[in-house]
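See structure below.
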Amino acid sequence: MSLPHAILTALLEKPSSGLELTRRFDRSIGYFWSATHQQIYRELGKLEKAGFIRALPTDSPTRGRRKEYEVLVPGREELGRWVGEREEPRALRDPLMLRLRAAGVVGVGDDLVEELRRHRELHSARLAEYREFQRRDAERGHGTERDRVQALVLQGGIDLERFWVNWLEGALADLAGPAPAPGAAAPGASPPTAP
């Protein structure tokens, strides 16, 4: 996914100013695609220059007033084109996983174990937040296609957070246990095969 497409999606949902977009990224879109205030404003300029969006006309003077943007037909077409593209799954790129692998070489210290606990708590809090969103949305119902698609995105977030909580709990339990004997396979690992 790219930031321009995230912005086009947000503007099609509701015409907004750059500041409103930043707030919406903080509240919803940012759960799966983050962007800074500066990145959003930079992309708004590029999208406007490309003819994908425009500032909404206004009768009041523009100086000191926030510009609200809407998506034009070419922007909607670009978003539709992008939605239909084929894209390969991306490899996980998480510094925590890399740090854990490095700990296999230099040793697991108390600081890393504490960091794993902190991540577990953060993912547990996010999972609780997503479940609350799901409870709230269930009360409203899922009548439209947009509601159903948003429910699917939310379920994906719940499943991902549940994965992280479970994985981190397992990692912490494994690191708290005795170290395996030299040459022993890790728990759950397949036995080595002959070349």
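Small disclaimer: the values here were computed from a predicted structure and weren't measured.
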Checking side-chain contact (heavy atoms from CB on, under 4.5 Å) for the pair Leu168/Leu96: CA distance, chi angles, key distance, verdict? CA-CA 11 Å; Leu168 286 160; Leu96 183 64; 4.1 Å; yes

Using salt bridge (Lys or Arg N to Asp or Glu O under 4.0 Å), reason through Arg136 and Glu139 one step at a time and then give a plain yes or no. CA-CA 5 Å; Arg136 179 201 64 204; Glu139 290 175 359; over 6 Å; no

Given side-chain contact (heavy atoms from CB on, under 4.5 Å), test His5 with Glu85 step by step and report yes or no. CA-CA 12 Å; His5 296 105; Glu85 269 186 1; over 6 Å; no

Walk me through it: do Thr144 and Arg148 pass the test side-chain contact (heavy atoms from CB on, under 4.5 Å)? CA-CA 6 Å; Thr144 68; Arg148 290 191 308 273; 5.7 Å; no

I'd like to know whether Glu20 forms a salt bridge (Lys or Arg N to Asp or Glu O under 4.0 Å) with Arg23, so could you lay out the CA-CA distance, the side-chain angles of the two residues, the decisive distance to 0.1 Å, and finally the verdict. CA-CA 5 Å; Glu20 289 168 331; Arg23 290 179 180 150; over 6 Å; no

Worked check of side-chain contact (heavy atoms from CB on, under 4.5 Å) between Leu172 and Glu169: CA-CA 5 Å; Leu172 286 163; Glu169 286 175 355; 5.8 Å; no

Show, in sequence, the C-alpha distance, side-chain angles and deciding distance for Glu121 and Arg118, and conclude whether the salt bridge (Lys or Arg N to Asp or Glu O under 4.0 Å) test is met. CA-CA 5 Å; Glu121 295 312 310; Arg118 188 177 76 83; over 6 Å; no

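In this structure, Gln150 and Glu13 have side chains that are in contact, with non-hydrogen atoms separated by less than 4.5 Å. Asp147 has its side chain out of reach of Asp137: every pair of non-hydrogen atoms, C-beta onward, lies at least 4.5 Å apart. Side-chain atoms of Arg117 and Val113, non-hydrogen and from C-beta on, do get closer than 4.5 Å to each other. Between Glu70 and Leu11, the closest side-chain pair of non-hydrogen atoms is not below 4.5 Å. Contact of the Glu48 side chain with the Lys67 side chain is registered, since non-hydrogen atoms from C-beta on lie closer than 4.5 Å. Under the 4.5 Å side-chain criterion, counting only non-hydrogen atoms from C-beta, Leu154 is in contact with Ile158. Counting only heavy atoms from C-beta outward, the side chains of Leu8 and Phe52 approach each other to under 4.5 Å. Residues Gln155 and Gln134 are in side-chain contact: their nearest non-hydrogen atoms beyond the backbone lie under 4.5 Å apart.
Residue pairs meeting the ring pair (Phe, Tyr, Trp, His ring centres under 6.0 Å) criterion with at least one member in residues 102-124, sequence neighbours excluded: His123-Trp164.
To the nearest 0.5 Å, the span separating CZ on Phe25 from CD on Gln39 amounts to 9.5 Å. Here the CD-CG distance, from Glu77 to Leu79, works out to 11.0 Å after rounding to the nearest 0.5 Å. Annotation: the span from Glu161 atom CD to Asn166 atom CG amounts to 11.5 Å, rounded to 0.5 Å. Note that OH of Tyr69 and CD1 of Ile53 are 6.0 Å apart. Values are rounded to the nearest 0.5 Å. Atoms OG1 and CD1, on Thr22 and Ile40 in that order, are 3.5 Å from each other to the nearest 0.5 Å. For the atom pair CD of Glu68 and CG of Leu19, the computed distance is 10.5 Å after rounding to the nearest 0.5 Å.
Both Val83 and Val71 are assigned to one and the same hydrophobic cluster, defined by single-linkage of ILVMFWY side chains at heavy-atom distances under 4.5 Å. Hydrophobic clustering, with ILVMFWY side chains joined whenever heavy atoms are under 4.5 angstrom apart, keeps Tyr130 apart from Leu152. Taking hydrophobic clusters as Ile, Leu, Val, Met, Phe, Trp and Tyr residues chained together by side-chain heavy-atom distances below 4.5 Å, Leu98 does not share a cluster with Leu116.
Closest approach of Arg76 and Leu12 over heavy atoms only: NH2-CD2, 3.3 Å. Scanning all heavy atoms of the two residues, the minimum distance from Ala103 to Leu112 falls at CB-CD2, 3.3 Å. Nearest heavy-atom pair across Leu72 and Gly51 is CD1-O, 3.6 Å. Annotation for Arg24 and Ala10: closest pair NH2-O, 2.8 Å, computed over non-hydrogen atoms.
Residues passing the side chain to side chain contact (heavy atoms under 4.5 Å, CB included) test with Val149, sequence neighbours excluded: Glu145. Partners of Val153 under the side chain to side chain contact (heavy atoms under 4.5 Å, CB included) rule, at least two apart in sequence or in another chain, are Phe32.
In this structure a side-chain-to-backbone donor-acceptor pair under 3.5 Å is present from Ser16 to Lys14.
By the neighbour-count criterion of 12 heavy atoms within 6.0 Å, atom CZ of Arg135 is densely surrounded, having more than that number from other residues, nucleotides or ligands.
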